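It should be emphasised that the depicted structure is a prediction, and the values quoted were computed from it without experimental measurement. Just so you know, these numbers use all the heavy atoms, side chains as well, and skip hydrogens, waters and symmetry mates.
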Amino acid sequence: MTDYGWLSLLPPLVALGLAIRTRQVYVSLLLGTWVGWTIMSEWNPVTGLIVSVDSMVGVFSDRGRTLTILLTAMIGALITFIQHSGGVAGFMHGIAARGIATTRRSAGVMAWLIGFVIFVEANIGVFVSGPVSRPLFDRLRISREKLAYILDSTASAKATVIPINSWGAYIIGLLSVATIDNPLRAMLLAIPLNLYAWLAIGLALFVAITDTNLGPMKTAEGRVRREGKLLRDGAEPLVSSEVLMLPSKPGVPLRAVNLVVPVVTIVVTVLIALYLTGDGNPMNGDGSASAFYAIGTALAVAAVLYRAQGIMTFSESTEMFLKGVGGLIPIVVLLILAFVIGDTCRAIGTGDFLARAAEARLTPGVIPATLFVLAGMASFATGTSWGTWAIMMPIGLSIVELMGLEPTLVVAAVLGGGIFGDHCSPISDSTIISSMSAGTDHIDHVRTQLPYAMIAGGITVVAYLILGFAL
């Protein structure tokens, strides 16, 4: 394999720099991909363009990614279903009548709680909490940027501290490959030391309770409170406004059950699917497939439920399905591009370059903090915590073995670093999905979340430096 050295940093730097500077995420990702493949094609721009297109097509060769793309599009259909049937309006009336989530703080806590409690898969909580919480946030004049932040901070972070899901199985697999004697024990012991994940979850709850707003989030909240603008002027939410703001069908009864039943169906089906695809062990289940089956089952149950009530015929359900899927085409395209730039970074060796740079300069006391930072940089550049762990975990554990150190702190640092980079990266799929579910501009979400992620990340680095020298 060719060693491209520092040139391996160019694709993510071009994509991320342009995205933040111009807010043109699609074009930025395309250019970053093209730069990467042009470098790998001996600086031939035409060949680089051809290979870039081939890499987009190649995204669909991966079953898990294809399922993720399909279920994301189907989420749009579910959003139109629960809105058109009167389910969202009925739910809003129900919680208002019971005095639930009637204040900014209680609404934020509710969004956090839904996202955290549904831990069976990282993004399922986001898919559920977003459509349920967004109308409430809009009514109480809470920015969609804040909703996206709460959703994102309780997605992948909770999956690593409550690993009763495919994430746990994946981590155990990585530890097994790294020849850890007892991978399950190592993962469990690393949970309390995964400081960034705990801080990210706790900080999101703190922000929801105290309404603390920093930097760009303060600006976003001020805009909503003073001007009533849910989005800044010129913002481009990932989901069509026709999907986000679809009114209830005229004349239908507003019943919360038309929202609750599909949501409960998702949760129950995910649990069953994880059990079945894992041959009786949910931790070994197929997360992508389980989520896909859950959304599909929820749509079918909703269609039958609405037909039984005389709210929507099956013909209307088909129409709403296509309308919802069409509204999420922008995020489907963005997910494809995010996968492509990640593949480009892996092909050119971005993560390997960062890992080698760290390995040559480490001293025992700074190992956990350094691995956390490097895992964060790799995850930020590639947009994937799973890919980052696959690169950094063997390197971290090999260093531990050579120096005779306790491995659990290193395992925790690598896991937390992957999540930290995810939270900061515009090309992370979990960040994209959080923007979609909240109905906000994607770059606005990244900008407003970044200060909170940096605070949690900074505290984590200091804590790991202390622990690194103390243990």
Side-chain angles (χ1 to χ4, degrees), residues 112 116 122 149-150 152-163 167-168 171 174-175 178 180 185-210 212 214-215 354-355 357-359 361-381 385 388-389 391-393 395-401 403-425 428 430 449-471:
W112 180 93
F116 184 74
Y149 161 63
I150 293 173
D152 205 353
S153 293
T154 53
S156 49
K158 71 164 184 286
T160 58
V161 297
I162 312 177
W167 289 58
I171 294 168
L174 289 178
L175 296 177
I180 289 287
R185 178 178 178 274
M187 182 186 70
L188 295 177
L189 290 176
I191 289 174
L193 295 173
N194 191 348
L195 303 182
Y196 177 78
W198 289 113
L199 285 169
I201 294 168
L203 186 56
L205 179 59
F206 175 81
V207 168
I209 293 173
T210 63
T212 300
L214 303 173
L354 291 171
E359 194 173 12
R361 296 171 174 82
L362 291 179
T363 57
V366 300
I367 285 177
T370 305
L371 288 177
F372 171 80
V373 172
L374 285 167
M377 292 171 63
S379 182
F380 178 85
S385 54
T388 294
W389 295 338
I391 295 170
M392 295 300 300
M393 195 69 77
I395 292 173
L397 291 175
S398 64
I399 295 172
V400 165
E401 187 177 354
M403 296 185 175
L405 302 176
E406 172 56 45
T408 53
L409 187 59
V410 167
V411 171
V414 171
L415 293 177
I419 301 302
F420 172 55
D422 251 8
H423 282 171
C424 299
S425 177
S428 162
S430 60
Q449 175 165 269
L450 193 57
Y452 299 100
M454 293 303 292
I455 289 172
I459 295 173
T460 301
V461 169
V462 173
Y464 280 152
L465 283 173
I466 295 172
L467 291 171
F469 283 100
L471 296 180

Inset, instruction - Over all heavy atoms of both residues, which pair between Ser153 and Ala200 is shortest? Give the atoms and the distance, please. - result: CB-O, 3.8 Å
Legend entry - Residue pair Ala413 / Pro368: nearest heavy atoms and the distance that separates them: CB-O, 3.3 Å
Inset, instruction - Determine the minimum heavy-atom distance between Ala190 and Ala412, stating which atoms define it. - result: O-CB, 3.5 Å
Legend entry - Pairwise distance OG(Ser156) to CG(Asp422) - rounded to 0.5 angstrom: 5.0 Å
Legend entry - Residues Asn194 and Thr160: side-chain donor-acceptor under 3.5 angstrom: yes
Inset, instruction - Go through the steps to decide whether Tyr149 and Asp152 satisfy the test side-chain contact (heavy atoms from CB on, under 4.5 Å), and finish with yes or no. - result: CA-CA 5 Å; Tyr149 161 63; Asp152 205 353; 5.9 Å; no
Inset, instruction - Could you tell me whether the side chain of Trp112 and the main chain of Phe206 form a donor-acceptor pair under 3.5 Å? - result: no
Can I get a per-line list of side-chain donor-acceptor pairs under 3.5 Å for residues 453-469, giving both atom names and the distance, sequence neighbours left out?
residue, atom, partner, partner atom, Å
Thr460, OG1, Ala456, O, 2.7
Tyr464, OH, Leu193, O, 2.6
Tyr464, OH, Leu195, N, 3.4

Legend entry - Atom pair CD1 (Ile201) and OH (Tyr196), whose distance is rounded to the nearest 0.5 Å: 10.0 Å
Legend entry - Partners passing side-chain contact (heavy atoms from CB on, under 4.5 Å) against Ala208 (at least two apart in sequence or in another chain): Val109, Ile150
Inset, instruction - Could you walk me through whether His423 and Ser379 pass side-chain contact (heavy atoms from CB on, under 4.5 Å), step by step? - result: CA-CA 9 Å; His423 282 171; Ser379 182; over 6 Å; no
Inset, instruction - Determine the interplanar angle of the Phe372 and Phe420 rings, folded into 0 to 90°, and report it as parallel if under 30°, tilted if 30 to 60°, perpendicular if over 60°. - result: parallel
